[in-house]
Protein chains: 2
Amino acid sequence: MSKDVTVDQMLSAFEAAGMRTTRPRRAMAEQLVAWGAKEKEFSSEDLWHAVQEKAPWVGRATAYRTVQLLQDLGFLDRVTFADGTERYHVVAAGHEHHHHLTCEMCHRIVPVEACIAPAAFEAMAQQSGFAISGHRLEIFGRCPDCQDDAHSC
Amino acid sequence: MSKDVTVDQMLSAFEAAGMRTTRPRRAMAEQLVAWGAKEKEFSSEDLWHAVQEKAPWVGRATAYRTVQLLQDLGFLDRVTFADGTERYHVVAAGHEHHHHLTCEMCHRIVPVEACIAPAAFEAMAQQSGFAISGHRLEIFGRCPDCQDDAHSC
DNA sequence: GCTGCTCTTGACACTAGGTATCATTTCGTG
DNA sequence: CACGAAATGATACCTAGTGTCAAGAGCAGC
Ligand SMILES: [Mn+2]
Ligand SMILES: [Mn+2]
Ligand SMILES: [Zn+2]
Ligand SMILES: [Zn+2]
């Protein structure tokens with residue numbers, strides 16, 4: 001019943017895309033699965049550091065390259081936080097279009113279904129003459145656990 | 001009839017906020033007015049370079065600090081582009097809440113009024129328990145002039 | 001199992017886009 | 001004009017990456 005992705009699914013996706021199933025890619029996939037898909041958020045740097053524990057020979061550039069590939073393959077979802085940092089989370093199966101409500105204190109992520117109506121995009125394209133190719137929506141706030149903390153400093 | 005902001009308005013705003021009307025601030029305000037408020041977009045670096053022509057003694061840190069202040073004072077609006085770069089434009093008077101449709105090729109900016117309904121934010125806050133403090137919406141595409149150019153490279 | 005071609009890697013240099021520090025300068029009030 | 005606070009410019013530093021490239025490692029064909 002769990003929709004959590006497996007290491008093999010990730011490696012198969014590399015293969016299916018004509019890429020190789022290398023040791024760094026396996027090490028990173030293993031770390032991601034170890035963390036679970038429970039909306040755990042991490043930066044590329046975070047993931048690199050974590051992988052270093054088990055596989056200290058993995059280079060930083062490789063970690064960043066692999067995060068990019070995993071995002072392209074649809075295994076990672078990139079989220080922009082209020083402070084401008086970019087982080088990721090593993091997507092569970094059935095990844096429909098969605099946006100995120102994020103905590104500016106602890107970086108917690110809540111997916112939200114709110115979006116702009118297709119008709120509104122149509123109207124914009126019509127009025128401006130633009131060919132619209134994408135959009136980004138991020139909502140910021142404080143999660144229940146972080147609302148008491150007065151330190152916004 | 002023009003709602004374009006003047007150098008004096010900017011400097012008065014600094015004064016009103018208890019800040020000084022210094023030479024770098026004047027030089028930067030003059031450059032902004034020279035460019036006009038016609039949705040001309042620029043990065044902090046762009047503005048610094050332009051100011052250098054007339055006032056080569058203005059430091060880079062000062063340029064960045066001043067852009068931040070002008071944004072805080074409501075004279076500049078920050079826009080995030082599809083490639084992740086941050087740029088600004090001078091806001092005309094009567095700055096209502098709005099978002100931007102931007103050209104991923106030439107960085108042209110078109111303001112749009114589309115947004116998420118307040119009720120939707122309410123619902124999100126209710127469901128998640130978050131205290132929502134802000135949001136960001138950016139729409140990307142190609143302007144009429146850039147649609148032929150096949151070079152997405 | 002070995003060969004060989006290619007993709008991939010890890011090290012490292014480098015970059016964009018800023019921010020922190022701090023001695024020096026300059027506002028602008030009295 | 002004098003003086004204290006605010007602001008500045010030079011400089012060093014920083015984060016979050018990307019470009020380069022010789023060396024290493026998958027994997028298809030034998
Ligand atoms: Mn998501
Ligand atoms: Mn605007
Ligand atoms: Zn939180
Ligand atoms: Zn364009």
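From a predicted model like this one, the values you see are computed outputs, not experimental measurements. Letters A, B, ... are given to chains in the order of the sequence lines, protein chains preceding strands, and every chain is numbered from 1.
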Asks: Could you tell me if R87(A) sits above the aromatic ring of F81(A), with its cationic atom closer than 6.0 Å to the ring centre and no more than 45 degrees from the axis?
Replies: yes
Asks: When the distance from OH of Y64(A) to P of dA11(C) is rounded to whole Å, what number comes out?
Replies: 15 Å
Asks: Give the nucleotide from the list dG10(C), dC27(C), dT8(D) with an atom nearest to the side chain of T62(A).
Replies: dG10(C)
Asks: Can you measure M19(A) atom CE to dT6(C) atom C1' for me and round it to whole angstrom units?
Replies: 15 Å
Asks: Figure out the CD/P separation between Q68(A) and dT18(D), and round it to whole Å.
Replies: 7 Å
Asks: Please work out which residues in residues 45-60 of chain B have a non-hydrogen atom less than 4.0 Å from an atom of DNA chain D and list them by number.
Replies: W57(B), V58(B), G59(B)
Asks: I want to confirm an ordering. Mapping S43(B) and T22(A) to their closest nucleotides on DNA chain C, which one lands closer to the 5' end?
Replies: T22(A)
Asks: Can you say whether a donor on the side chain of R20(A) sits under 3.5 Å from an acceptor on the base of dC27(D), or the other way round?
Replies: no
Asks: Report the distance from atom CZ of R26(A) to atom P of dT9(C), rounded to the nearest whole Å.
Replies: 13 Å
Asks: Rounded to the Å, how far apart are L69(B) CG and dA6(D) C1'?
Replies: 12 Å
Asks: Tell me the interatomic distance from R25(A), atom CZ, to dG10(C), atom C1', rounded to whole angstroms.
Replies: 14 Å
Asks: Rounded to whole angstroms, how far apart are CG on D83(A) and P on dT19(C)?
Replies: 13 Å
Asks: Apply the side chain to side chain contact (heavy atoms under 4.5 Å, CB included) test between Y88(B) and each candidate in L47(B), V79(B), V67(B); give the one that qualifies.
Replies: V67(B)
Asks: For Y64(A) and W48(A), I'd like to know if the aromatic rings sit close, meaning centre-to-centre distance below 6.0 Å.
Replies: no
Asks: Looking at every strand, decide which applies to T21(B) at a 4.0 Å heavy-atom threshold: base, sugar-phosphate, or nothing.
Replies: sugar-phosphate
Asks: Rounded to whole angstrom units, what separation is found between the CD atom of E86(B) and the P atom of dG17(D)?
Replies: 13 Å
Asks: Not counting sequence neighbours, list each pair that qualifies as a side chain to side chain donor-acceptor pair (under 3.5 Å) and has a residue in residues 11-29 of chain B.
Replies: none
Asks: Is the backbone N or O of R136(B) less than 3.5 Å from a side-chain atom of E138(A), with the two atoms forming a donor-acceptor pair by type?
Replies: no
Asks: Is the CD atom of Q9(B) crowded by more than 12 outside heavy atoms at less than 6.0 Å?
Replies: yes
Asks: Determine, using ring centers only, whether F121(A) and H135(A) are less than 6.0 Å apart.
Replies: yes
Asks: Counting only distance, no hydrogens or angles, is the base of dG10(C) paired donor-acceptor with the side chain of R65(A) under 3.5 Å?
Replies: yes
